Amino acid sequence: MNRIIFVLLAGLLLVPSALLAAQPTIEELRQQVADIVEEIEELQDRVDKPERHAATDRISWYGDIRVKADGLHYQNVTWNPGVLVDFDDFGAKALNPLDPDNAAFNTQLFDAGGNGLTISAAQQASLEAALAGPLGGGSLPTGNALTPLTKMLVANPDLATAFGLGQLSGVMPFAMDQKRTYDINNDLFYTTRLRLGMKAKISKNMSFAGRLNMYKNWGDSSGAKVFDSWNAFTMDGTSGGSTSGDSLQVERAYFNWKNIGGTPFYLSIGRRPSTYGSPTNYRENELRGGTPAGHLVNFNFDGVTVGYKLAELTGVEGQVVRFCYGQGFESEWGNGELFNTSGTANIEDTHLGGFNIDVFDDDDTLVQLTLFRAHDVNDGFKGTFALPSVYAQLFAPTIYQDTQQFSNMNFVVRYTPSTVIGDINLFGANFARTEENGFTWFGSVAMTQLLPNGEAGMFGGLGTDAVYEATLTEDGSQIYMAPARAENDDTQEGYGVYVGIQTPAPFGKFGLEYNYGSEYWSPFTQAQDDALGSKLATRGHVGEAYYIFQVNRNAFIKLGGMYYDYEYSGSGSPVGKPQKIDDIKAGTAFSLMPVVDTAYDLYASMTLKF
């Protein structure tokens, strides 16, 4: 600053005296110099503020906001609930009252005053007709006594009739309600997605990166959805892609340590960047957002990546090999482990591990291999949902009796899985290329392998259905069906194909995509935020067409549509045996979840990046 003042004063001394005579007085000049100094100091302060901000604020923020309108249409939605029941086991328990192990099925029930409970004369006559014999005959309970067995048979007359006709033996389906088929139209479904990215340089070879995510549908911040599909289940791995209210979720948060010890090794630990991987980034109109192939993995998890830049050895551009490890489920902490009850006896931590290999990557062309394993998969994850009233009616009649007067209310429950059901292997190869003229094309093929262990929870085992057995409640007053084992432990393999193109077009880009998943196709893509559920998890066909209008470099409008043609049930979950949609519609197969035959989504969105 002193140097600037000296230069100004020296310049004044060099002005010819003739000119000075015509200029202001010395006092006036001093005032002018003082004014100039004040202006310079003000400018200096204005320049210093950004410099101080850059020096002290170590985190750089960026992000995007997307507002979207979807028109959702479902055709031939069918709900035909039923389970497999071991009727040989049921018959042994129900029809052998002299067996000490099964006598409780035929023990008369009493009221609080010690009075024996009975069924009505009409109910007794109906059961005797269905069973083709008197209730007091043979091994059946005597007369009109109300027992757990007669209580169940009165509530399920078709079951009594089938028993009377000798139609129930072995493991057979048991229909739990009448089949229903209907269409659903949600003409306008609005959502807002806000993503706030952050990054910071810690040192020359260390950095931090993270992203916060809010994804909500308009008019709802409850955070819990009624459990009518696996897409309605809010859990750790899908929190970024599931409408979960107006709260910010930590989608990713990790640090990178590169060139460790001057070598090509690097280490990254934290909540992984495992969503929006190639080639799913093209339909998002953004760069590759995640490490694993998006066709196989679009799922949040916490873990570690150890990588090695092979390009420095092989000379192949962009060649990197990464070993990734993570934990998808914690079996003890938070599950009431201090009570030491049977609730956590059969569950284990779920560990995820595998390799992501960029075989070649030069910004225009990507060749990628993914090999992944999920070890000790349980029959679900920790999560929350609102319990459907129909499930209370089927599985918890006592609760249902209390809630019938509140048909518009649903209990929000925290779900904990019940048992380990096996392991899952995933393999995939992905190729994507952008030509010099901007034309992009890609293809991905993948396989999933289910390795069940013969165990099952409420919704089944790994790629297999649960076999239910008749069980008494702890107070001995009621018979209910509980999962006892899986139908089998056969290894099942599924495959998926995903192809697409994107071409420059007037004012933007035009894209076409197609994907197919087979009967046992079970990828980890549940965090994909498609309104109808992850299209890449579909067991069947999905076609998508879209047009992106590039408003400017930081804003675009997207118009498009997707058509889903489901062939098998269970899309998005490896739990339970896939059933043909046509068989469920025909009533010859069952599903505890409603299934959709076909669906389409017409959407419009606008995204702004900042």
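Computed from a prediction, not measured in an experiment: that's the story for all the values here.
Between Lys225 and Asp228, no side-chain nitrogen of the basic residue sits less than 4.0 Å from a carboxylate oxygen of the acidic one, so the salt-bridge criterion is not met. A salt bridge is defined here as a Lys NZ or Arg NE, NH1 or NH2 lying under 4.0 Å from an Asp or Glu carboxylate O, and Arg485 with Asp86 meets this definition. Between Lys535 and Asp601, no side-chain nitrogen of the basic residue sits less than 4.0 Å from a carboxylate oxygen of the acidic one, so the salt-bridge criterion is not met.
No hydrogens or angles considered: a donor-acceptor pair under 3.5 Å links the side chains of Tyr516 and Glu567. In this model, no donor atom of one side chain and acceptor atom of the other lie less than 3.5 Å apart for Asn298 and Thr275.
Taking a 6.0 Å sphere around OH of Tyr190, one finds it holds 12 or fewer heavy atoms contributed by other residues, nucleotides or ligands. Under a cut-off of 6.0 angstrom, the local environment of NZ in Lys580 is sparse, with at most 12 non-hydrogen atoms contributed by other residues, nucleotides or ligands. When the shell of 6.0 Å around CD of Gln167 is examined, it contains more than 12 heavy atoms from other residues, nucleotides or ligands.
In this structure, Lys68 is positioned above the aromatic face of Tyr603, its NZ or CZ under 6.0 Å from the six-membered ring centre and within 45° of the axis.
Two residues are said to be in side-chain contact when any heavy atoms from C-beta on lie closer than 4.5 Å; Leu536 and Thr280 meet this criterion. Counting heavy atoms from C-beta outward, Met172 and Leu84 have side chains that stay 4.5 Å or more apart. Counting heavy atoms from C-beta on, the side chains of Val595 and Val77 never come closer than 4.5 Å. Side-chain contact check for Asp597 versus Tyr566: every heavy-atom pair is 4.5 Å or farther apart. Within the 4.5 Å cutoff, the side chain of Phe395 has no heavy atoms near those of the Val390 side chain. Here the side chains of Ile581 and Asn76 are not in contact, with every heavy-atom distance at 4.5 Å or above. Inter-residue side-chain proximity for Pro523 and His295 is flagged as unmet; no heavy-atom pair is nearer than 4.5 Å. Side-chain contact between Leu592 and Val83: present, with at least one pair of heavy atoms (C-beta onward) separated by less than 4.5 Å.
Here Asn80 pairs with nothing under the side chain to side chain donor-acceptor pair (under 3.5 Å) rule; sequence neighbours left out.
Ring-centre distance between His541 and Trp521: not below the 6.0 Å cut-off. A ring-centre distance under 6.0 Å is found for Phe459 and Trp230.
Judged by distance alone, the side chain of Asn410 and the main-chain N or O of Ala386 form no donor-acceptor pair under 3.5 Å. Between the side chain of Thr150 and the backbone N or O of Thr147, at least one donor-acceptor pair lies under 3.5 Å. Judged by distance alone, the side chain of Asn156 and the main-chain N or O of Met152 form a donor-acceptor pair under 3.5 Å. A distance-only check finds a donor-acceptor pair linking the side chain of Ser522 to the backbone of Tyr520 [under 3.5 Å]. Side chain of Ser569 to main chain of Gln579: a donor-acceptor pair is present (N/O by atom type, distance under 3.5 Å, no hydrogens or angles). Formation of a donor-acceptor pair under 3.5 Å by the Ser591 side chain with backbone atoms of Pro594 is not found in this model.
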Report the C-alpha distance between Phe87 and Glu469 in whole Å, list the side-chain angles of each, state the deciding distance to 0.1 Å, and finish with yes or no for side-chain contact (heavy atoms from CB on, under 4.5 Å).
CA-CA 8 Å; Phe87 284 106; Glu469 292 183 356; over 6 Å; no
If you apply the rule side-chain contact (heavy atoms from CB on, under 4.5 Å), what do you find for Asp530 with Met562, and how did you get there?
CA-CA 10 Å; Asp530 300 322; Met562 291 190 288; 4.0 Å; yes
Could you go step by step and tell me if Thr598 and Tyr564 meet the side-chain contact (heavy atoms from CB on, under 4.5 Å) rule?
CA-CA 5 Å; Thr598 59; Tyr564 291 63; over 6 Å; no
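To the nearest 0.5 Å, atoms CZ (Phe381) and OG1 (Thr350) are separated by 5.5 Å. Between Lys151 atom NZ and Ile119 atom CD1 the span is 13.0 Å, to the nearest 0.5 Å.
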